[in-house]
Structure formats: C-alpha cells, structure tokens
There are 2 protein chains.
Amino acid sequence: MAEQPNLAPRAKRPTGRRAGDSGTRDAILDAARDLFAARGYDGASVRAIATAAGVDPALIRHFFGDKDGLFAATMADRTVIPARIAEHLQGDPATAGNRIVDAYLRMWEEPETRPVLMALIRSATTSEQAVGMLFDVLGGRIREQSGITDPDGERMRRVALAGTQMLGVAVARYVIKLPPIAAMTHAELVEQIGPTIQRYLDGENI
Amino acid sequence: MAEQPNLAPRAKRPTGRRAGDSGTRDAILDAARDLFAARGYDGASVRAIATAAGVDPALIRHFFGDKDGLFAATMADRTVIPARIAEHLQGDPATAGNRIVDAYLRMWEEPETRPVLMALIRSATTSEQAVGMLFDVLGGRIREQSGITDPDGERMRRVALAGTQMLGVAVARYVIKLPPIAAMTHAELVEQIGPTIQRYLDGENI
DNA sequence: GCCATAACTCTACGGGTGGGGAATTCCTCA
DNA sequence: TGAGGAATTCCCCACCCGTAGAGTTATGGC
C-alpha cells in the first residue's frame, strides 16, 4: 500500500546533535532509574536503558562514562531520601516510631522515590559494589542527619535495629510481595510496625 | 625438561563415561548451591557452575535439563529449612520469640543451610520467577507445619509480620553486612529481636 | 560568520550467555 | 559376549553484554 518497505530491517535515526533543548540526559536518567528498579544493577543493561530512553547506547557512555557512572548519577539525583527519614528521628521521641514508619511507607508509595529504593534493594542484595555505593551515599547522610556522633555507639545500634525491621517490611511488601503483608493497609502497617521501631529506639536494655 | 609442551593451549579432558561411581551429580549440586548463594540466580552462570564442579557445562543439561531445573534441584535438596523454624511455633508460646530467633540465626550460621538461604534471598529479590518457586516450596510448608488453617486469617498475618523482621535481620546481617548488625553477637540479637517476634505472635491488637 | 565543542549516531570488537548435536567411553543386564 | 543406555566430552549457534572509535550535525561564544 505505501511506498515504505514494511520489512525495513531497522529504522535509522538521524545522526548528529538535535535542535533545541532535547532533555535527553534526563530521559536517560529516568529510564535508568526504572530499569535499575525493575531488574537491579546487573539485570539492567546499558543497551536496554538506552533503548528505553530512545537513544543510542553510546550516548550513555558520552554522558556518564560507564555503567557505574550512570548508576551513581541515578542514585545521586535523589538523595533527599535519607533526610526525609532522619528528620523524624528528631521531633517528639515518644511518637517517633509511628511517624517514621508512616513517612517511610509513604516514600515507598510515591512514584518518584519508589524506583530508587527498589533499585537500591535489588542491587544491594546482588552486587557487592552496589552495597559499597549504598554505604557511601546513604550511610554518611543518615549518620549526620540523625545527629549520631559515635558510629559504634548505642544510638547507632538502635537505629540499625530499627533499620532491619523497615528493610524487612519493604522487601516483603514491595519486592517479594508476600501476600499477607502486601494486603495490609498503610494504616495497619504503621500500627503494627510503629511500636517495634519505637521499642528499638528507646526501649530499656540495648 | 619434560616431553609435554608447557604452552598447551588447553588440557583436554578425556571424553566418555568415567569408571566407577563418579559422584558428579552431587558435585554439580554443591557447586550450584554455592554459586547461586554468592551471585543469585541470574549472576551464577551455567558455565561457571560447571567449571566450579570440574565438569563440562553440557553435563548440567544432561542431568537437569536446563538452568531452571538445576536451581529447583538445588533448592529441593534441602527443604528441611521451614520445618526447623515452624516447629518452634509450637512449644511454649510464652518463650517462642527468643527460641525462634535463636533457631533462625543458627540456621544462618550453619555452612550447610546458609548458602541455600542466601541463594533464596539473592534470587528472590531479583527474579520474579524465583519468588514463585519460593512461595511454592516454602509457603506451603510453613503454613502446614505451623498449623495455620486460614491463609488470610489473623494467625497468618502475625506469622508474616514476624517474617518481615526475620527477613530484615538476615538481609542486614548476612547479605548487606550492615556494620552495627553484623557486629552484634548471636546472643545480643536474640535478646533484641526475640521480643519483637514475641509481640507479633501474641501481642494484643492485630 | 567561524570554530571549538557538545550532542548524537553507526559499526565493531572481544567476550560471556543458555542451549543443542554428535561423538566417545564405560556400565549393566540379558 | 553383545547390546543398549548412561555419563561425559567437544564444538557450534544465535544472542546479549559493556565499551570503544570515528563520523555527523547543531549550539554558543567570539
């Protein structure tokens, strides 16, 4: 019917720089964020990310150097994350537990932050390298923003214990999608998990 | 000095069946268990497993059909795991919390079961497929062995909440190796986490 | 208007991936 | 003793991977 061959092996895109502000860099970051979230660091290939962004893979190299650079850039873009939790470590200590869980779960529900958290978990459980980056980027912030001075002290241990519970819920609810946990409402979870966090943060003997 | 060329490009191994009982199948299962543990389902390649087992990759295909079959065989080999936890759900309910955490952490310390748990977590956080297998194999057992009748009932929810905390500690301590948690002793962890489990299992409002 | 530089593409290389076919050797059972 | 099958190897295929180089087009400062 038309003149174009319908068996075109591949549609060549125009070469060279685009006119105006193309926003390509951000498109790549968005695609990377989503794919790292869906498949983890190893599972998300540079090529797949480029395709998702509608761009040649070599552009990623141009902008970010290599895959590591891209991952780092993807994470660094939204490092507000720890701040939003740490701020609740201050406020009224008596109600911190519920407030923290509430804020944390809300972050997981937001379409902007969720992929980043997902990527962090999926990557950290698989690649040692990703764990390193996680410690570098998040660790420092949590510590400074929550006013912890001694890295080996009791306060740090309390926060870490609370962290294990929050990590566990997130993995169960959002990654593994364990039925009973995934089925609970936001409010129910806060009600159940909040006291646990509270106990870790200011319980008696630790 | 010798007659053999020291630049032999690769040492060809003899083809054909070996004499006697070679135990190759088990060697493959062992190597697979360790590699799945270290790198997760996707990260552990059939070739790497074969090499670790000192065997040609095609043998894996011969014995297990494909990579999935190998993974399934690796996991199925040691499904005693859930039983060992579930049995503590019975016994004296007043002390269940500490006993469960204690038994659970001990499993993580044993060189036999640890790789399986590791492989489970590393794979489940990355591949949907692995999650399916996990539910099929473990889910049923946990439910039956802990005497849960209603899959959506309160009892199930309690066990699941406890599960999130245990999952969280394991990931933090053994996978991510979060410093404060990794540094705590077995006893300290039992003392801190035990009460949380206890509260989930028989706390007031759930 | 010119030119360095930034944005963008194509093609290619070396290597790893899971899977399958064919050949060889040994074991078991009639 | 002979036949069939199991265990084991090698080689091959088609595909995906991260990265690199070289070429093309627009932008922005002079």
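Given the structure is predicted, the values throughout are model-derived calculations rather than measurements. Protein chains get the first letters and strands the later ones, always in sequence-line order, with residue 1 at the start of each.
- Rounding to the nearest 0.5 Å gives a distance of 9.0 Å between CE of B:M75 and CG of B:L117.
- Between A:H62 and C:dC8 there is no side-chain N or O to OP1 or OP2 distance below 4.0 Å.
- Remark: A:R39 CZ is loosely packed, at most 12 non-hydrogen atoms of other residues, nucleotides or ligands lying under 6.0 Å away.
- Toward the 5′ end of DNA chain D lies the nearest nucleotide of B:V55, the other residue of the pair A:G20 and B:V55 mapping further downstream.
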In B/S/- notation (B base, S sugar-phosphate only, - none; protein heavy atoms under 4.0 Å), nucleotides 13-22 of chain D written 5' to 3' is ----BBBBB-
Give the C-alpha distance, both sets of side-chain angles, the deciding distance and a yes or no for side chain to side chain donor-acceptor pair (under 3.5 Å) between B:Y200 and B:T164.
CA-CA 10 Å; B:Y200 286 143; B:T164 66; 5.2 Å; no
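- Set against C:dT9, C:dA6, D:dT8, the side chain of A:R17 has C:dA6 as its closest nucleotide.
- Between B:F36 and B:Y41, the ring-plane angle classifies as parallel under the 30° and 60° cut-offs.
- Atom pair B:F64:CZ and C:dG20:P shows a separation of 16 Å (rounding to whole Å applied).
- With values rounded to the nearest 0.5 angstrom, B:E188 atom CD is found 9.5 Å from A:L161 atom CG.
- A:S22 has no side-chain polar atom (N or O) that falls below the 4.0 Å cut-off from OP1 or OP2 of C:dA7.
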Which donor-acceptor pairs under 3.5 Å do side chains of residues 44-65 of chain A form with protein atoms, sequence neighbours excluded?
{"from": "A:S45", "atom 1": "OG", "to": "A:A48", "atom 2": "N", "distance (Å)": "2.9"}
{"from": "A:T51", "atom 1": "OG1", "to": "A:R47", "atom 2": "O", "distance (Å)": "2.9"}
{"from": "A:D56", "atom 1": "OD1", "to": "A:A58", "atom 2": "N", "distance (Å)": "2.8"}

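- Contact check, A:R18 against D:dT27: no side-chain N or O comes under 4.0 Å of OP1 or OP2.
- Between B:L59 atom CG and C:dT25 atom C1' the separation is 13 Å, expressed in whole Å.
- OP1 or OP2 of D:dA7 has not a single side-chain nitrogen or oxygen of B:T24 nearer than 4.0 Å.
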